[in-house]
Amino acid sequence: MRVKEYFEGIRAEVVKTDKAREMLERMKAREGAKAQSYQTGGGGGDVTDPMESVSQRIDFEGKLRQRIADAEGTLDEACEVLYGADGRGGLAKLKGAHYADAICMYYCQAETWGEIAEIMQCSQKWCRKLCEVGFEFIDRVGWAHIKNA
């Protein structure tokens, strides 16, 4: 597997996890206050057991917690490639922090190119180029060498 494919998989998982967190927040919000009905005999809307929605949210929360735990291990490994085990090595040490930062922000933090360009004070095209060059360097030098730098 090429490095870019690996990091694309990480980004996809980060995006899925973020969306799941948003869904969890919506589920929690639905459990909150319900509109009061003054009609007799039911309101004609959906009548559901409030505890059922709480139970569904708790089940979903457990699955999300596992997804996050799984993703954290992968993210730790990716950060080790980018910054080394001690935070002072990896791609950042061998090639330059701006390469590692661009890859980290786009692939590990799921930032947009516009956000990254603003933070790094360069063009979106340059941010993409930093990632491309960083990936080529890692592929050429090898994961083990990068991680142990």
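Predicted, not measured: the structure shown is a model, and the values here were computed from it.
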N/O donor-acceptor pair under 3.5 Å between Arg11 side chain and Glu111 backbone: yes

SB check Glu132 Lys129 (cutoff 4.0 Å): yes

Is a donor on one side and an acceptor on the other found under 3.5 Å between the side chain of Arg88 and the backbone of Lys93? no

Going only through I, L, V, M, F, W and Y residues with side-chain contacts under 4.5 Å, is there a path from Val14 to Met23? no

Could you label the plane-to-plane angle of the Phe7 and Trp143 rings as parallel, tilted or perpendicular, counting under 30° as parallel and over 60° as perpendicular? parallel

Is there a side chain to side chain contact (heavy atoms under 4.5 Å, CB included) between Tyr107 and Leu75 once you walk through the steps? CA-CA 10 Å; Tyr107 293 94; Leu75 284 170; over 6 Å; no

Checking Phe137 against Tyr99 for the ring pair (Phe, Tyr, Trp, His ring centres under 6.0 Å) test, could you report, in this order, the C-alpha distance in whole Å, the side-chain angles of both residues, the deciding distance, and whether it holds? CA-CA 10 Å; Phe137 183 79; Tyr99 295 93; 8.1 Å; no

Mind listing the closest non-hydrogen atom pair of Ala78 and Cys108 along with its distance? CB-SG, 4.1 Å

Is it true that, when you exclude Glu118 itself, more than 12 heavy atoms of the residues, nucleotides or ligands shown sit nearer than 6.0 Å to its CD? no

Distance col, row Cys131:SG vs Asp101:CG, nearest 0.5 angstrom, shows 10.0 Å

Looking only at heavy atoms, the pair that brings Tyr6 and Thr74 closest together is OH-O, 3.5 Å

Heavy-atom pair of closest approach, residues Leu130 and Ala102: CB-CB, 4.0 Å

Give the cluster check for Tyr106 versus Val15: same hydrophobic cluster or not, with ILVMFWY residues linked at side-chain heavy-atom distances below 4.5 Å. no

Taking atom CD of Gln124 and atom CD of Glu115, what is their separation to the nearest 0.5 Å? 10.0 Å

Do Trp113 and Arg128 have side chains that approach each other closer than 4.5 Å (heavy atoms only, starting at C-beta)? yes

Atom CH2 of residue position Trp126 - does it have more than 12 heavy atoms of other residues, nucleotides or ligands inside 6.0 Å? no

Distance, nearest 0.5 Å, that separates CD of Glu8 from CZ of Arg2: 11.5 Å

Would you compute the distance between atom NE2 of His145 and atom CZ of Arg140 and round it to the nearest 0.5 angstrom? 10.5 Å

Work out which heavy atom in Ile146 is nearest to a heavy atom in Leu91; give both atom names and the distance. CG2-N, 3.5 Å

May I ask you to decide whether Glu13 forms a salt bridge with Lys16, counting only side-chain N to carboxylate O separations under 4.0 Å? yes

Shortest non-hydrogen contact between Val81 and Ile138, atoms and distance: CG1-CD1, 3.9 Å

Is there a chain of hydrophobic side chains (I, L, V, M, F, W, Y, each step under 4.5 Å between heavy atoms) that links Val133 to Met105? yes

